[in-house]
Structure formats: structure tokens, C-alpha cells
Engineer: 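Sharing a structure with you now.
Bear in mind the structure is a predicted one, so any value in this text is a computation, not a measurement. Note on naming: letters A, B, ... go to the chains in the order of the sequence lines (proteins, then strands), and numbering restarts at 1 for each one.
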Protein chains: 2
Amino acid sequence: MPETLKPIQAEKGEDARQIRGERTRQALLEAAFDEIHQHGYRSASLNDILKAAGCTKGSLYHHFPDKHALGLAAIVDNVDRFMGTTWLRPLAQSTDPISTLLDILQRHVDGEVLCDVRLGCPLQNLSQEMSGLDEDFRTYLNGIHEQWRTAIADALRKGQDAGQVRKDISAEAAATMIIATHQGTVGLIKTAQSTDIGASSFEAFYQYLNSLRTTGNSTPGPKEGLTS
Amino acid sequence: MPETLKPIQAEKGEDARQIRGERTRQALLEAAFDEIHQHGYRSASLNDILKAAGCTKGSLYHHFPDKHALGLAAIVDNVDRFMGTTWLRPLAQSTDPISTLLDILQRHVDGEVLCDVRLGCPLQNLSQEMSGLDEDFRTYLNGIHEQWRTAIADALRKGQDAGQVRKDISAEAAATMIIATHQGTVGLIKTAQSTDIGASSFEAFYQYLNSLRTTGNSTPGPKEGLTS
DNA sequence: TCCCACAAACCGACCGGTTGGTCTAGTATT
DNA sequence: AATACTAGACCAACCGGTCGGTTTGTGGGA
């Protein structure tokens, strides 16, 4: 115990207890998310979460009032980050919305986004399980959908203004359908336990998305011409 | 084995016990389906099912070996019938696949198919919950998806032969995407607890489906011109 | 026609196990 | 000493499933 270091920690106000507490909190969030992702919220066992997080009931109920709060926090923590990096940011920065969408979707089909096909998309799993059961979860998940829809619609509108996207379609309606088709495809993949069916769905989806381009606008394949 | 008597016995063999047994069996299947539809398979309580069916544990385990068998039987019983009347038969009898599809989808948006928006589509709920968990359920549900996909693809191919549907698209891919989009839309409706978003998705979906028609082919609205 | 053996159908108390959640005792840091 | 944190025994409620026993109706022998 080097005593010279101790005061420094104190001066910084870095309470070692708080640090440790924060670490177990994070461990709990992570373990909870994994458990929920694997088994769903209702079937997620607190004991299993504790085992994975390496702590005990006492710790859990010190940091969270109940299972509901733990689950919601774990979901929010993870989904917010995922949506931001995978969808919202790329779309906001895009100069060619159709190509950006094709790119994101292709990465799903390639299995680069969903770590495990069998588990499906956490957002979809949770929406499916909880939206009819718990209003807090539902409100949050629906909000995510809204953000998502708005991000796609905005990108499409921007594309319309730039003359890349046909103006005779409703950006909102197209955005809604794009989300529906994407979510539906992920669901099919999960049930089939195979990405083949996803590729089949994407084949038609690819044609549809390209049909949204203004005539004469180039239609690069999903794997090329959009890395810039 | 007196062969002359058997037919007589068989004919007389209207055993009242068997009839009653069959009735409670049906009651169990129905109650089980409702419970599973509401709470999912894993959260479906046998005691609640028994309460709804008006019988006891003993009866249940006389008719079914375990919860798994009961659940599967209830699902098969219901989903098979639903798929046949809602999708397979109309598509097989259709002379205009695109219009038939639009009609079926419109009826979903109008809330005529899903009895309760909040509960979502049983097929989707189960696929989502069980396909990563139980191989028996998954195999069955995946088979249903295959039937569904084949029915749509066949109808589209028939339309291609008849010159109503564009020949430059893959009927299989289009069928897969149609299912995905439909399932995804139902999922969105469930999360939003409102059919508005379904109408939005359908607006774009409607355009897409009509784009599959051969150019020059009439594009009647979803509500007219396809009742014949 | 009567009667009874027999089995299908049904009953519900009970079982071990698991669930989410509580509570008290104790530890480590300031 | 004060306080944030952790530990884990414990709890009632509920889970799916078991089991010994009762009811019910029927077919075959007398």
C-alpha cells in the first residue's frame, strides 16, 4: 500500500468503492443483457445472471430495485449503442441513402451484424416478447422504432432533394416498409436457422430499393461503389 | 378376431366416454392455444390452462404426455387451419396473384385477421420465441414457412405464365420478401399497438407489389376488382 | 333383462425444484 | 466511526409433473 498514492486518489475524488461498485454494475448490465438475449426477459434467471456477473443477490439489489429495472437498463444500454453505430450515424452521414441501406443490409446477410443467427436480433426479440406485456419496455422499444424510421425517412428525403431518390414515393411509408422487411427477414433467418433465406429475401429487397432510385441514376451492387 | 362382428361393434361403438374425452381434449387444446397466444409457450401456466379448460391435472396428463406435446398439438391444430384458409387456399385458387396478395394484406391492415392487435400473430410469436429453443417447434414452424413461401411463389409463377406478372423477377425471392415484409409489418403493429404504422408500411408495400405486374396490366386498388 | 368386471376418464393433493425478492451480517475504504 | 458495497441464507409463490384413488359407461355373460 504505497501511501503516497492514496492522497492522490482522494484528491481526484476517485472513490475506490465507487469504482468497484460501478464495475459490478456494468458486469451486471452485461450479464443481464446476454441472459435476456439468449432466453428472453421473462425466462432470464437472476441467479444465472449473478453467476455470469460473478456477484450475488445482495449486490444486484443494491444497484437495482428489481428485475424490471435491471432488464430495462441492460436493454437501453446496449440497444442505444447498437442503433447509433449500425443505423443512425451511417444514415445521417450518408450522401447516398439507397447505397447506405444496401450496405447495412448486406452486412446483416453476411452475418457481420448478428453475432449468432440462432439468437436473432435483440431489438426484435424484445419487441416481440415484451410489447404486449410491459408498457415501460414497449414505450422504449417503440421509441427506438420511431428514431429508426425517422432516420431512414430523413435520409430518403435528403436523397429526394439531391435528385437521387424518386420523388413520387412517400419517404415515411418507404422507411416503414424497409424496417418491416428488414425485421421480417431477420425473423425468417432465425426460424430457418440459416442465412440462405435471408439472401433470398434480400435478392428481392435489393431490387426494390434500387427501384427507389431516380431513373438513370447508377445502381451499384451492394458490395461495391459505396465504401467512400 | 371375429371379422363379422367387428364392423358391427365398430358401428355401434359410439362410446359416450370417448366423445366426452374428445371434448375435454379439444377444450384443452383450445385453452392451451389461448394461453400460449397470450403469454407465450414458456410462460403459459398449466394451471391456468386447466382453469380455462375446466378440468384438472389428471385429465391433462391422461390426454398428453407433457406440456411440450400439449403446446405443439395446440399450435399445429390452430396454425394449420389458419394458414389454409387465410393464405394457401386463396392463393391456390387465385387467377390474379398480385390482387389476391393485396387483398389478404389489406384485410390484415383492416384488423380483420388479427383478432387482437396487442397479441400479434401467433405464428410469428411462436417462431420468435421457440425457434431458438426447441427443435420440434422450430421444425414445424419452419415447415409452415416453407409451405407459405411455396404457395406464394407458385402463385407468382402462375401469374408469370399468364403474363400478369413480370418475368424478370425471381418468384422465390419475391415470395420470401413478401413474407418477410408481412411478418415485419405485423411485428411493427404489435410494438406500436396501433394499425396506423401498418397502413404506412402497406402504402409502400402496395406500390412494390403492383410494380411486379407486367407494364400495361391494370393495377386495381386493394379494395376493388378482385372479389370475383 | 340384469349385472358386473374392466378400463377410459377424471380428480386433486402432493413433489422437488426454481423463481424473484428480502434481510441481516460482514467487509473494505475513507 | 461512517458509509458504500457485498455476501448468501432464507422466503413465499409458483412451476411442471406424479400418483393413488374415484367416477363413469359399456360390452359380454348369465
Engineer: Assess whether atom CD of B/E30 is packed by more than 12 heavy atoms of other residues, nucleotides or ligands within 6.0 Å.
Structural biologist: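 Result for CD/B/E30: open.
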
Engineer: Using a strict 4.0 Å threshold on nitrogen-to-oxygen distance, state whether A/R107 and A/D110 make a salt bridge.
Structural biologist: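 Between A/D110 and A/R107 there is no salt bridge, as every charged N stays at least 4.0 Å from the carboxylate O atoms.
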
Engineer: With a cut-off of 6.0 Å (strictly less than), are more than 12 heavy atoms of other residues, nucleotides or ligands near CD of B/Q193?
Structural biologist: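 Counting neighbours around CD of B/Q193, more than 12 heavy atoms of other residues, nucleotides or ligands fall under 6.0 Å, so yes.
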
Engineer: Write down the distance between CZ (B/F64) and P (C/dA9), rounded to a whole number of angstrom.
Structural biologist: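 Taking atom P of C/dA9 as the reference, CZ of B/F64 is at 12 Å.
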
Engineer: Give a yes/no answer on whether the side chain of A/H62 brings an N or O atom under 4.0 Å of OP1 or OP2 in D/dC5.
Structural biologist: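 Yes, such a contact exists.
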
Engineer: Taking the inter-plane angle between the rings of A/W87 and A/H108 on a 0 to 90° scale, is it parallel (under 30°), tilted (30 to 60°) or perpendicular (over 60°)?
Structural biologist: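 Correct class here is tilted.
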
Engineer: Compare side-chain N and O positions of A/H68 against OP1 and OP2 of C/dG20 and report whether any pair is under 4.0 Å apart.
Structural biologist: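 It does not, given that no N or O in the side chain of A/H68 lies less than 4.0 Å from OP1 or OP2 of C/dG20.
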
Engineer: Can you see if the side chain of A/S59 gets near the phosphate of D/dC5 - specifically, an N or O under 4.0 Å from OP1 or OP2?
Structural biologist: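 So the side chain of A/S59 is outside the cut-off, no N or O lying under 4.0 Å from OP1 or OP2 of D/dC5.
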
Engineer: If the cut-off is 4.0 Å, is B/T24 near the phosphate of C/dA9, judged by side-chain N/O to OP1 or OP2?
Structural biologist: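 No.
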
Engineer: Distances under 3.5 Å only, N/O to N/O: pair up the protein atoms with those of nucleotides 19-21 of chain D.
Structural biologist:
none

Engineer: Look at B/H63 and C/dA8 and indicate whether a side-chain polar atom (N or O) is within less than 4.0 Å of OP1 or OP2.
Structural biologist: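 Answer is no, no contact under 4.0 Å.
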
Engineer: Mind running a 4.0 Å heavy-atom check of residues 40-54 of chain B against DNA chain D and sending the residues that fall below it, in number order?
Structural biologist: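 Those residues are B/A44, B/S45, B/L46, B/N47.
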
Engineer: Check the orientation of A/Y206 and A/F202. Use parallel for under 30°, tilted for 30 to 60°, and perpendicular for over 60°.
Structural biologist: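 Tilted.
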
